[in-house]
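For reference, the structure is listed below as structure tokens.
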Amino acid sequence: MTAYVVRRLAWLPIVLFVVSFLSFAIMRFGPGDPVTVAAGQYRDPEVLARIRAEKGLDDSLVIQYARWVSAALRGDFGDSILQRTFTVSELMFPKMWVSAQLGVIALAIVFVVGVPLGLIAARLNGTWIDPFIVSSLLFLQAIPVLVLIPPLLWLFALQFRILPVGGWGGLIDIYWVGGVVALPIPDPHLYLPLLAYTLGGFAGVARLVRITALEVTREDYIRTARAKGLSEATVFFRHILRNSLLPIVTSVGLALASVVEGAFFVETLLGIPGIGSFLFEASRSRDYDTIMATTVIIAFVFVLTNLIVELTYGFIDPRVRVQASR
Amino acid sequence: MATATLERSSERDVGAGRGQWRELWGRLRVKKLAVISMVLIVVIYGSGLFAPLLAPYSYTDQNLDRALEGPSRDHWLGTDRLGRDMLSRAMYSARTTLIVTAAVLLTGSIVLGNGLGLLAGYRGGWIDNAVMRAGEILSSLPGIPMLILINAGLAPRAIEATRWIEDHTPLTGLTGTGFASYLIVFAGLSLFSWIGTARLIRALVFQLRERDFIMAAEGLGATGRRVISRHLLPNVTFLIVLQLSSGLGAIAGSEIVLTWFGVGVQPPAPSFGAMLFDGSGARTFQSHPHILLVPGVIVTLLLYAFVLLGDAVNDSFARR
């Protein structure tokens with residue numbers, strides 16, 4: 001088990017190295033360099049050359065990359081070109097926090113809705129309801145967020161005027177009843193992004209749970225459990241449910257991927273100051289250090305979560321552990 | 001999960017021949033949803049393929065006097081902000097989807113995926129290791145951010161490459177068609193789309209190479225290349241159906257998403273991504289809903305058809 005954990009952990013730096021080096025190489029392979037982008041209209045070649053020499057942009061790519069890595073390891077991701085006087089870290093981490101809050105809540109909803117739905121569909125296998133649920137779920141997975149958000153915005157923000165058009169206002173608002181009782185309610189800015197994030201995700205999870213539950217139901221030990229006279233409830237909760245929940249741990253990775261990718265469109269469309277819209281703006285204006293830092297951080301979170309998921313899985317399911325240590 | 005089921009189900013079919021095609025077709029034909037999906041895909045792809053013949057207008061024809069009109073007799077699906085015919089734009093966008101999906105499927109999935117899968121599975125050893133590790137690294141990256149980065153960073157170079165091709169070969173007029181942006185979208189998507197196929201093929205080849213007919217071929221002195229191309233390849237080509245149904249929707253969706261971001265296919269080349277972007281404001285939707293609904297409905301139907309078909313194909317495989 002220890003060897004397995006160590007081997008999986010060794011994977012993280014390798015992937016991060018590949019991501020950061022790829023990003024670095026791709027950015028520098030394009031035309032121009034950070035100084036020309038920062039200079040904008042101002043183009044006195046002598047001054048540009050002097051800044052380049054000062055910042056070490058005349059060195060070879062490998063040396064520049066090594067310098068970037070050593071600075072990044074110390075937490076210094078360079079300066080933003082787009083918003084002068086700010087370092088990338090100062091801009092990036094608050095935005096990451098916003099995205100992380102949204103992402104975690106979205107993941108929770110995905111599982112709270114997806115798992116029971118999948119179990120219900122599996123339970124109703126053989127009736128018309130099961131194929132109905134499955135094709136509805138497939139439809140939810142197929143409809144792109146890009147198509148979904150504008151009508152939702154129109155309906156709730158312009159037509160009914162019950163939700164804001166976009167933006168971010170924290171998680172919880174305090175609602176005073178009669179000036180005495182403080183009621184915490186979710187901030188209205190949350191509903192649309194969460195809806196957009198979760199539709200595809202819970203559909204995916206529900207389908208996975210359904211398939212697993214159906215497979216488990218066909219196992220011999222379920223027949224044995226029924227044959228020895230256990231009640232249907234016991235069979236379902238103790239045998240089917242527990243065995244179907246194992247693969248759900250892996251689907252966290254799946255759901256996470258859909259949330260991370262959804263973040264770009266949802267945040268951009270709804271004006272949420274998160275990491276997705278941040279990278280969107282940065283990549284439009286070739287803000288070198290910002291793009292590098294954001295890509296690497298997103299990859300870091302992504303790979304780390306998948307790693308944790310995998311390790312948890314090995315921890316829960318002894319079969320995986322045994323296989324891995326061989 | 002899906003791949004796992006497929007791998008397991010394909011174990012049972014090891015070595016089966018061309019009769020599989022007929023059998024799968026027979027199974028799919030009786031599924032109403034699968035047939036409807038196929039018809040839908042054929043209609044959308046067909047209108048893309050024959051867009052130059054079918055489209056009533058060119059996709060660049062502007063008529064500012066008739067901008068933002070709803071559906072009418074002249075313009076069946078209305079006109080956009082610049083007075084361009086939405087029906088014609090949609091047809092040419094379907095053409096873009098067709099080109100990108102076909103090209104990525106061909107190189108990324110079929111050539112790279114099959115080739116690397118066969119090689120890794122048959123040769124094993126360090127080749128297998130290298131291919132699988134590369135795939136593992138690529139698949140552990142977050143796809144969309146990486147694609148955005150690749151496209152944004154390399155697009156100018158692709159334009160230079162296009163100019164170079166125009167100067168040094170008889171091909172001309174490429175720059176105007178947005179060839180460079182097609183190239184870059186295609187390259188980026190291919191980079192990520194071979195992994196699933198390669199894994200599937202490799203797993204199958206691992207079982208196949210222990211079979212008697214492979215040993216017989218090797219015993220008779222067949223070269224590695226011959227074993228791969230004459231004995232292994234015909235036995236795995238069947239899996240292309242699976243790649244078709246599961247991969248096409250994802251590829252089509254990625255192109256749309258990238259173009260929406262502004263790093264995919266560049267204007268004036270038409271794309272559903274660009275059309276969706278035009279209609280993505282809530283105010284626009286309030287006053288001119290058809291700007292979003294025309295591409296939105298088509299894209300949703302197409303992607304839905306792909307997932308339904310993929311699901312049906314999966315089912316047919318699993319039930320063998």
Side-chain angles (χ1 to χ4, degrees), chain A residues 11 14-15 18-19 22-23 25-32 131 134-135 138-139 141-144 146-154 157-159 165-166 207-208 211-212 215 247 250-251 254 257 260-261 264-265 268-269 276 279-280 283-284 286 291 294-295 298-299 301-303 306-307, chain B residues 1-2 4-5 33 133-134 136-138 140-146 148-157 159-160 249 253 256-257 260-263 272-273 276-277 279-286 289 291-293 295-297 299-308 310-311 314 318:
Chain A
W11 194 236
I14 298 176
V15 173
V18 173
V19 175
L22 263 183
S23 322
I26 289 168
M27 292 299 301
R28 295 301 160 90
F29 185 66
V134 171
S135 44
L138 285 171
F139 184 70
Q141 269 191 306
I143 185 166
L146 301 177
V147 179
L148 192 69
I149 291 186
L152 286 177
L153 263 183
W154 164 75
L158 298 180
Q159 219 52 29
V165 197
R207 280 179 62 208
L208 188 68
I211 291 175
T212 324
E215 268 174 18
T250 34
S251 72
L254 218 93
V260 167
E261 298 192 346
F264 288 87
F265 314 108
T268 310
L269 273 170
L279 181 55
F280 179 54
S283 60
R284 291 213 144 179
R286 298 187 69 83
I291 296 178
T294 323
T295 319
I298 292 177
V301 174
F302 194 76
V303 177
N306 276 318
L307 202 67
Chain B
M1 188 60 211
T5 345
L33 273 179
R133 288 301 89 79
E136 213 170 312
I137 290 182
L138 280 177
S140 61
L141 302 182
I144 293 291
M146 289 313 289
I148 290 173
L149 186 78
I150 292 174
N151 282 22
L154 298 187
R157 294 290 171 188
I159 294 170
E160 279 172 22
I256 290 165
V257 154
W260 187 91
F261 246 102
V263 294
F272 286 123
L276 286 174
F277 188 80
S280 63
R283 293 278 173 205
T284 314
F285 187 79
Q286 189 177 30
I291 304 280
L292 181 85
L293 285 181
V297 169
V299 166
T300 308
L301 281 179
L302 182 67
L303 296 182
Y304 191 34
F306 275 130
V307 284
L308 279 179
D311 204 49
N314 250 337

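Just so you know, these numbers come straight off a predicted model, no measurement behind them. To find a chain, count down the sequence lines: A is the first, B the second, and so on, and within it residues start at 1.
Side chains of A/Pro144 and B/Val257 form no contact here, defined as non-hydrogen atoms less than 4.5 Å apart. For the pair B/Glu136/A/Val15, no side-chain contact is recorded, criterion being any heavy-atom separation below 4.5 Å from C-beta on. In this structure the side chain of B/Ile144 reaches within 4.5 angstrom of the side chain of A/Phe265, judged on heavy atoms.
Under the rule for a side-chain contact (heavy atoms from CB on, under 4.5 Å), the partners of B/Ile137 that lie at least two apart in sequence or sit in another chain are A/Trp11, A/Ile14, A/Val18. Remark: A/Phe302 pairs with no residue by the ring pair (Phe, Tyr, Trp, His ring centres under 6.0 Å) rule, at least two apart or across chains.
Heavy atoms of B/Ile148 lying under 4.5 Å from chain A belong exclusively to its side chain. Looking at B/Val263, there are no atoms closer than 4.5 Å to chain A (heavy atoms on both sides), in backbone or side chain. Heavy atoms of A/Thr294 lying under 4.5 Å from chain B are absent altogether. Interface remark: A/Gln141 contributes no atoms to any contact with chain B (heavy atom separation under 4.5 Å). Contacts between A/Ile291 and chain B at a heavy-atom distance below 4.5 Å involve the side chain alone, from C-beta outward. For a residue to count as touching a neighbouring chain, one of its non-hydrogen atoms must lie under 4.5 Å from one of that chain's; by this rule A/Thr295 touches chain B with the side chain only. Neither the backbone nor the side chain of A/Val301 comes within less than 4.5 Å of any heavy atom in chain B. Proximity to chain B (any heavy atom under 4.5 Å) is shown, for A/Leu138, by both the backbone and the side chain. With a threshold of 4.5 angstrom between heavy atoms, B/Leu276 approaches chain A through side-chain atoms but not through N, CA, C or O.
In this structure, B/Phe261 has its ring center at least 6.0 angstrom away from the ring center of B/Phe277.
Atom CZ of B/Arg283 has 12 or fewer neighbouring heavy atoms from other residues, nucleotides or ligands inside a 6.0 Å radius.
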